[in-house]
*Asks:* 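Right, I'll just put the structure down here and ask away after.
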Amino acid sequence: MVKPPSGRDWQESFDVTVISQLQEAQQSIGSKMVAPGLQEETLVANAGKAVADALQKINAFIDGKWKDYRSLVEATKVNIFKDYKPI
């Protein structure tokens with residue numbers, strides 16, 4: 001088994017996230033001294049699609065499972081205090 005380099009988990013750098021796609025697009029645009037080209041346009045489009053996909057998942061969660069959970073919690077009466085019985 002290959003031992004990861006010390007200090008940071010080597011597998012972490014391979015994760016593709018919405019933030020990593022946005023950062024890649026920003027870095028590609030900002031690192032060149034020329035106007036953005038097809039590569040940068042593609043990176044921005046991919047990042048935009050990732051954002052749209054994430055928002056769709058978030059909205060589906062809020063409209064579905066979260067709404068059900070919130071209704072359940074709001075309907076549950078929680079007694080914080082217990083009646084005191086003198087000793």
Side-chain angles (χ1 to χ4, degrees):
M1 181 153 165
V2 177
K3 184 178 178 183
S6 62
R8 182 180 162 149
D9 184 7
W10 61 275
Q11 197 170 16
E12 185 178 330
S13 63
F14 296 112
D15 292 340
V16 177
T17 64
V18 175
I19 295 295
S20 70
Q21 289 181 320
L22 288 167
Q23 289 173 337
E24 183 180 7
Q26 181 183 23
Q27 184 178 9
S28 182
I29 292 168
S31 66
K32 297 182 181 175
M33 298 297 288
V34 296
L38 181 61
Q39 179 180 358
E40 290 76 26
E41 290 175 9
T42 302
L43 289 171
V44 170
N46 289 344
K49 183 180 180 320
V51 169
D53 291 347
L55 288 174
Q56 181 182 11
K57 289 176 183 178
I58 291 167
N59 290 333
F61 172 75
I62 296 295
D63 288 339
K65 290 182 179 182
W66 177 256
K67 187 183 284 185
D68 296 340
Y69 173 76
R70 181 176 175 174
S71 296
L72 182 65
V73 169
E74 289 176 342
T76 304
K77 183 179 182 206
V78 178
N79 292 328
I80 298 174
F81 299 101
K82 197 173 181 182
D83 289 338
Y84 176 75
K85 294 181 183 179
I87 300 175

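Side chains included, hydrogens not; waters and symmetry mates left out as well; all remaining heavy atoms used.
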*Asks:* Under the 4.5 Å side-chain heavy-atom rule for ILVMFWY, direct or indirect, which residues accompany I87?
*Replies:*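 Y84, all in the cluster of I87.
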*Asks:* Name the atoms and distances for all side-chain donor-acceptor pairs under 3.5 Å in residues 19-26, with sequence neighbours left out.
*Replies:*
from	atom 1	to	atom 2	distance (Å)
S20	OG	T17	N	2.8
S20	OG	T17	O	2.9
S20	OG	T17	OG1	3.3

*Asks:* So, taking the atom named NZ in K57 and the one named CG in N59, what distance separates them when rounded to the nearest 0.5 Å?
*Replies:*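 K57 NZ to N59 CG: 12.5 Å, rounded to 0.5 Å.
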*Asks:* When Ile, Leu, Val, Met, Phe, Trp and Tyr are grouped by side-chain heavy atoms lying under 4.5 Å apart, directly or through other members, which residues fall in the same group as V44?
*Replies:*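 I29, listed by chain and number.
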*Asks:* Below 3.5 Å, can you tabulate the donor-acceptor pairs from side chains in residues 46-56 to any protein atom, sequence neighbours excluded?
*Replies:*
from	atom 1	to	atom 2	distance (Å)
N46	ND2	T42	O	3.4
K49	NZ	D53	OD2	3.0

*Asks:* Who are the ring pair (Phe, Tyr, Trp, His ring centres under 6.0 Å) partners of F61, not counting sequence neighbours?
*Replies:*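 For F61, no residue satisfies ring pair (Phe, Tyr, Trp, His ring centres under 6.0 Å) once neighbours in sequence are set aside.
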*Asks:* Test: salt bridge (Lys or Arg N to Asp or Glu O under 4.0 Å). Region: residues 59-72. Which pairs qualify, not counting sequence neighbours?
*Replies:*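 Found R70-E74.
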*Asks:* Please determine whether residues V73 and I62 belong to a single hydrophobic cluster, defined as Ile, Leu, Val, Met, Phe, Trp and Tyr linked transitively by side-chain heavy-atom distances below 4.5 Å.
*Replies:*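 Yes, V73 connects to I62 through the hydrophobic network.
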